[in-house]
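Because the structure is predicted, anything quoted here is derived from the model rather than measured. In what follows, every heavy atom counts, from backbone to side chain, and hydrogens, waters and symmetry copies are set aside. Letters A, B, ... are given to chains in the order of the sequence lines, protein chains preceding strands, and every chain is numbered from 1.
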Protein chains: 2
Amino acid sequence: MVEKKTIKLDDVAELAGVSKTTVSRVLNNRGYLSDKTIKKVHDAMDKLNYRPNVIARQLFKQKTNLVALVFPTVDNPFFAELEAELEKRFDQLGYRVLMGNSQNNPAKEQDYLKLLLNHQVDGLIVGSHNQGISEYQKTTRPIVSIERFVGKQIPVVSSDNYQGGLLAVQRLLNDGCKHIIHTNYPINLVSPNELRQQAYEDLMNRHHRKPITYSVSFDVSDEEKERVFRKMFREHPEVDGIFADNDTNASLIIRVGKEFNRHVPDDLKVVGYDGANITRTLSPELTTIQQPIPEMATKAVELLLQLIDGKTDVKSVTLPVKMINSTTA
Amino acid sequence: MVEKKTIKLDDVAELAGVSKTTVSRVLNNRGYLSDKTIKKVHDAMDKLNYRPNVIARQLFKQKTNLVALVFPTVDNPFFAELEAELEKRFDQLGYRVLMGNSQNNPAKEQDYLKLLLNHQVDGLIVGSHNQGISEYQKTTRPIVSIERFVGKQIPVVSSDNYQGGLLAVQRLLNDGCKHIIHTNYPINLVSPNELRQQAYEDLMNRHHRKPITYSVSFDVSDEEKERVFRKMFREHPEVDGIFADNDTNASLIIRVGKEFNRHVPDDLKVVGYDGANITRTLSPELTTIQQPIPEMATKAVELLLQLIDGKTDVKSVTLPVKMINSTTA
DNA sequence: TAACCTATGTTTACCGGTTACCATAAAGAT
DNA sequence: ATCTTTATGGTAACCGGTAAACATAGGTTA
């Protein structure tokens, strides 16, 4: 077998007939350089197919140009679009992106944080739904959170969940729904998500209706979720409107509704939440509250860069949501 | 502001009252160590909240435990599920995963490869749809491709596209369709995908029907794709069956069909392709050919590890597909 | 008692760039 | 003719672990 040794900076210097220092100068565009030398060096690099070892540079510079994304899973329309948007922006800024799917498992999230921090990432964007992860308190590394309170000093980018809740429930009320049920994550999760439920309850109370919320965990199977929704239809046959906490659940509810002979929008109206691209392509009929995913990505990246630049007065932001009117409500 | 210096191995050694070597031995579980010493070292690490600098280790060991995924975009049901499955497996094996969304742009794919290789990734899994990327020829780094021919020596994991094509078209024929149209990527892409079209054409010819294929680029907007499908319905009003190259297109076709007053399954039957989880949750009514995404991920990881381990006789594999019967055909 | 195993320390080279510092020399400006 | 700017080289320290090589010493075993 051919012994293929790695081409290093010294090899380039030798072939180009210049010093190691000069090659480094060319690579980093530093100091005085003649066009002739630059060309010589580039030619040598091409000939040898030289690839600078980023690791060595990272070690010296104490900067990796790596960021990590920690979310429950990328296999979900909202997170997929968000991570794609984040990656696109980071790429443009010269950062590579590490993926961390925490599966909504606190132990896994903790492990991921530890591992990713060990990899000397320059920053993290987290949107996992666990709490009590001590790792966040231990590190001073830049972190921005999306739609979730993580710690006192960690800025949060969220959409206007209270407004989203109001829009959804108001829509159902306007459509004449008398018995509106809300589905949400287990509420022990400290998340701006909670505000959706708050809006639902406030609006229901204002209309002298009893708020009823069904909890559905994020990380269980579709079958498990459907079981909860069947229970919901059995326990509340009077239900005529549902404000679902996400579009996937809205879709499942519509399907389970059919089993109970309830058809949207005639005898059941459903409003979802998120309004991701994939969802709108695959379920165009769904009325939903759309989170401004691209804008959230932009803002999160912006805040993280501020932290990386050493800014200390980085503030959380809330972005407006939009109602997408379709035929399920 | 508090000057917070990075804790390094020497600091741990000093606090624990042992030598640098001993700490390194504890970290790497190497050589002889007494329980007492191990505890001392761990205590010191905890007290200092020491995080070994992975970069330094990577530099010395010439191993990063990083792999990169290069796919068009993660914001797509198939790739999202595939990348999630890949990440899960790599995580279990101690590898971190870098995300590279090439947007189906050859220049971007080339850039990504260069950048990710510079980051000294131990391997890559690619599933982008571009061709003529010279970078693949230049590197000797382990690469496994998914559903795409990249280069002579690069193993490919694909599902049985020919069989998938047969299943889909046979289903439409059995359902009594007389005028079946196929949609696919522009066929200049060298991809096992082509076999689906081959199966479609073979089966059509066998039944003395004229095969008609509409090309739809992957990376254009939904609106653009819908324009193509409208054109299709206008040019072929006789169409009564469609074999779409992916579920998203199937969904768009069904929607556009409604504009032309064609309703599935009564006056139009549609079979999609991919059968990803998200799609099946959001469009449960879609009849489709399901690719074995988890198995493909398992196989791709397995092959990549073989390459990383230096094996040379790593073979491409083809995995069976499955028909998901529902109501659109 | 010699031989061996266990448990640690010391020293040092190494991984592959980066960069500060100093030296040298030719071209251009004053 | 002197000063400055431009262009390059050489040397060495540094980033933070890793590990080979060798030394030392107490405990066990044949």
Task: B:N277 side chain near A:D75 side chain, heavy-atom distance below 4.5 Å - done: yes

Listing time: all N or O pairs from protein to nucleotides 11-13 of chain D that are below 3.5 Å?
unit_1	atom_1	unit_2	atom_2	d
D:dT11	O4	A:T21	OG1	3.3

- [ ] From the options C:dG16, C:dA7, D:dT18, select the nucleotide whose nearest atom is closest to the side chain of A:K8.
- [x] C:dG16

Task: Side-chain heavy-atom pair B:R51, B:M45 within 4.5 angstrom cut-off - done: no

Open item on the list: Using whole Å, what does the distance between atom P of nucleotide D:dC14 and atom CD1 of B:I55 come to?
Closed with: 21 Å

Task: Separation of C:dT19 P from A:L59 CG (nearest whole Å) - done: 13 Å

Open item on the list: Can a side-chain donor-acceptor contact be found between B:Y136 and B:E109 if the only test is distance below 3.5 angstrom?
Closed with: yes

Open item on the list: Is the shortest side-chain heavy-atom distance between A:F71 and A:N76 below 4.5 Å?
Closed with: no

Task: Protein-nucleotide distance (A:K36, atom NZ; D:dT6, atom P), rounded to Å - done: 17 Å

Open item on the list: What's the closest nucleotide to the side chain of B:T6 if the choices are D:dG16, D:dT18, C:dT6?
Closed with: D:dG16

Open item on the list: Tell me whether the side-chain N/O atoms of A:Q58 come closer than 4.0 Å to OP1 or OP2 in C:dT18.
Closed with: no

- [ ] Using atom types as modelled and distance alone, determine if a side-chain donor or acceptor of A:R96 lies under 3.5 Å from a backbone N or O of A:N65.
- [x] no

TODO: Can you tell me the distance, in whole Å, between the CG atom of B:D35 and the P atom of C:dT6?
DONE: 14 Å

Open item on the list: Nearest to the side chain of B:V18, heavy atoms from C-beta on, is which of C:dG17, D:dG10, C:dG9?
Closed with: C:dG9

TODO: Would you tell me if any nitrogen or oxygen in the side chain of A:R30 comes within less than 4.0 Å of OP1 or OP2 on C:dT19?
DONE: yes

- [ ] Consider only side-chain N and O atoms of B:T73 and B:Q103, and report whether a donor and an acceptor are under 3.5 Å apart.
- [x] no

Task: Member of B:L69, B:L115, B:L116, B:L124 meeting the side chain to side chain contact (heavy atoms under 4.5 Å, CB included) criterion with B:L98 - done: B:L116

Task: Value in whole Å for how far the C1' atom of D:dT18 lies from CD of B:Q62 - done: 12 Å

Task: A:I133 side chain reached by A:L113 side chain, heavy atoms, under 4.5 Å - done: yes

- [ ] Go through D:dA19, C:dG16, C:dG9 for me and flag the one nearest to the B:N28 side chain.
- [x] D:dA19

- [ ] To the nearest Å, give me how far apart CG (A:D11) and P (C:dC15) are.
- [x] 12 Å

Open item on the list: Closest-nucleotide mapping onto DNA chain C: is B:A56 or B:V23 further toward the 5' terminus? I mean the 5' end.
Closed with: B:V23

Open item on the list: Please confirm whether the shortest side-chain N or O distance from B:R57 to OP1 or OP2 of D:dG16 is below 4.0 Å.
Closed with: no

- [ ] Starting from P on D:dA7, measure out to NZ on A:K39 and report it in whole angstrom.
- [x] 18 Å

Task: Interatomic distance where OH belongs to B:Y32 and P belongs to D:dA25 [whole Å] - done: 19 Å

Open item on the list: Looking at C:dT8, I'd like to know if its phosphate oxygens (OP1 or OP2) sit under 4.0 Å from a side-chain N or O belonging to B:S34.
Closed with: yes

Open item on the list: When you compare the side chain of B:E81 with that of B:P294, does any pair of heavy atoms fall below 4.5 Å?
Closed with: yes

Task: A:K311 side chain near A:L305 side chain, heavy-atom distance below 4.5 Å - done: no

Open item on the list: Which residues in residues 43-54 of chain B have a heavy atom closer than 4.0 Å to any atom of DNA chain C?
Closed with: none

Open item on the list: It should be established whether A:S19 places a side-chain nitrogen or oxygen under 4.0 Å from OP1 or OP2 of nucleotide D:dT8.
Closed with: no

